[in-house]
Amino acid sequence: MLKPPLFLIILAFIWISCSTKATATDTNLSLSDKKATKETTVLYKKLQQLTTKGYMFGHQDDLAYGVNWKYEPLRSDIKDVTGDYPAVYGWDIAGLENDNPNNIDGVPFDKMKQFIKEANERGGISTISWHFDNPATGKNAWDNTPNSLKTILPGEKNHAKFTSWLDKAAGFFLALKDKKGKSIPILFRPYHELTGGWFWWGKGNCTPEEFKAAWKFTFEYLQKKGVHNLIYVYNTSSFNSKEAFLENYPGDDYADILSFDTYQNNDDKNGEKFITEVQSQLKIINEIAQKNNKLIALAEAGYEAIPDSKWWTGTFSKAIGDYKISYALLWRNHGWQEKEQKMHYYAPYSGQVSEKDFVEFYNLEKTLFEKDIQKVSKK
């Protein structure tokens, strides 16, 4: 029997190896919405690809306002400091359920749609949360009256009201179209910070079974309404174990990205506690994500007014470390709060004490901003 030449054996081995890798990658890229639009599927694959380069920087309400300005075309506090926009833009649709023209932070929904479209044109990515009112009491999202969530489930008192809210959300998502009429993909983060007890859907205000039922209903109802441009982000606040993180998890068929929110407090001025907690929680969700083929993210973070001039490279970057997260989003730059008599912002602006360090953070190889993800798109 003649033996094949050595170079043919090597070529065959390479082909088999590459085929195996391609299959494994394809397996990893399965969106929970099996009817997701092509653009949404492409974005999900891009999100995974980007984790090999670094993590995307995000900022809440970035294009709408900043410290001492509001609704100036193409302006951004991040762009003022770095000359570049964030890769990820955060928005919230609270107020939509009540037919308000503006959201919970005063951003007109018409402007929000325009900002999302503008960002998408440049290659930016938008994520949306929803601080919707308590349907049982009519009060805001922070009204944590026990058993409120149960009332929105099928057959319960506020189910019809809640489905009417979902109809309005569906209309909003379906209206997000690019210049070619294609639906713009959105990272949707409903029922966020679910392990905290401060929202009506949070821990202690419903059972895990009730929460899962609400999540699944929301997921299925939006798709029934024709919404297929969402990547679903499961989001907790602090947790200390795999079991705590997964207690309300609806299952791999209902979520695409695993995430949590965390903030540094004033009683932790050197950031040691923040770094330890973020590292601990990233370790837990990274293990879950690797097993379940999911992406991970730090969906909300920050240190109010950033009093530490070296916070970005000295604390925040160290907290994320070498974990391959999809994105980290900093909360909004509201500016002066008259009622609280203090400044409220989480990203630097021109002249802010951490501005120089943020530029260093921006220049790190692993931090990705809008220009960085544009480059990846063109390859």
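Just the heavy atoms: all of them, side chains too, but no hydrogens, waters or symmetry mates, feed the values below.
Atom CD of Q290 sits about 10.0 Å away from atom NZ of K324, to the nearest 0.5 Å.
No close placement of the Y85 and F369 rings is indicated, their centers lying 6.0 Å or farther apart. No close placement of the H59 and Y346 rings is indicated, their centers lying 6.0 Å or farther apart. Ring centroid separation for the pair W142 and F199 comes in under the 6.0 Å cut-off. Aromatic rings of Y71 and Y65 (six-membered ring for Trp) have centroids beyond the 6.0 Å cut-off, not under it. If you look at F132 and W200, their ring centroids are closer than 6.0 Å. Between Y249 and Y234, the distance separating the two ring centers is shorter than 6.0 angstrom. Aromatic rings from Y55 and Y327 are positioned such that their centres are separated by 6.0 Å or more. The aromatic ring centres of F57 and F358 sit less than 6.0 Å apart. Ring centroid separation for the pair Y263 and Y303 does not come in under the 6.0 Å cut-off. For W201 and H192, the gap between ring centers is short of 6.0 Å.
A donor-acceptor contact closer than 3.5 angstrom links the side chains of T195 and S237. A donor and an acceptor atom, one from each side chain of Y89 and E370, are located under 3.5 Å apart.
Using the six-membered ring where Trp is involved, W312 and F361 have ring planes that are tilted, between 30° and 60° apart.
A salt bridge does not link K139 to D133: none of the charged side-chain nitrogens sits closer than 4.0 Å to a carboxylate oxygen.
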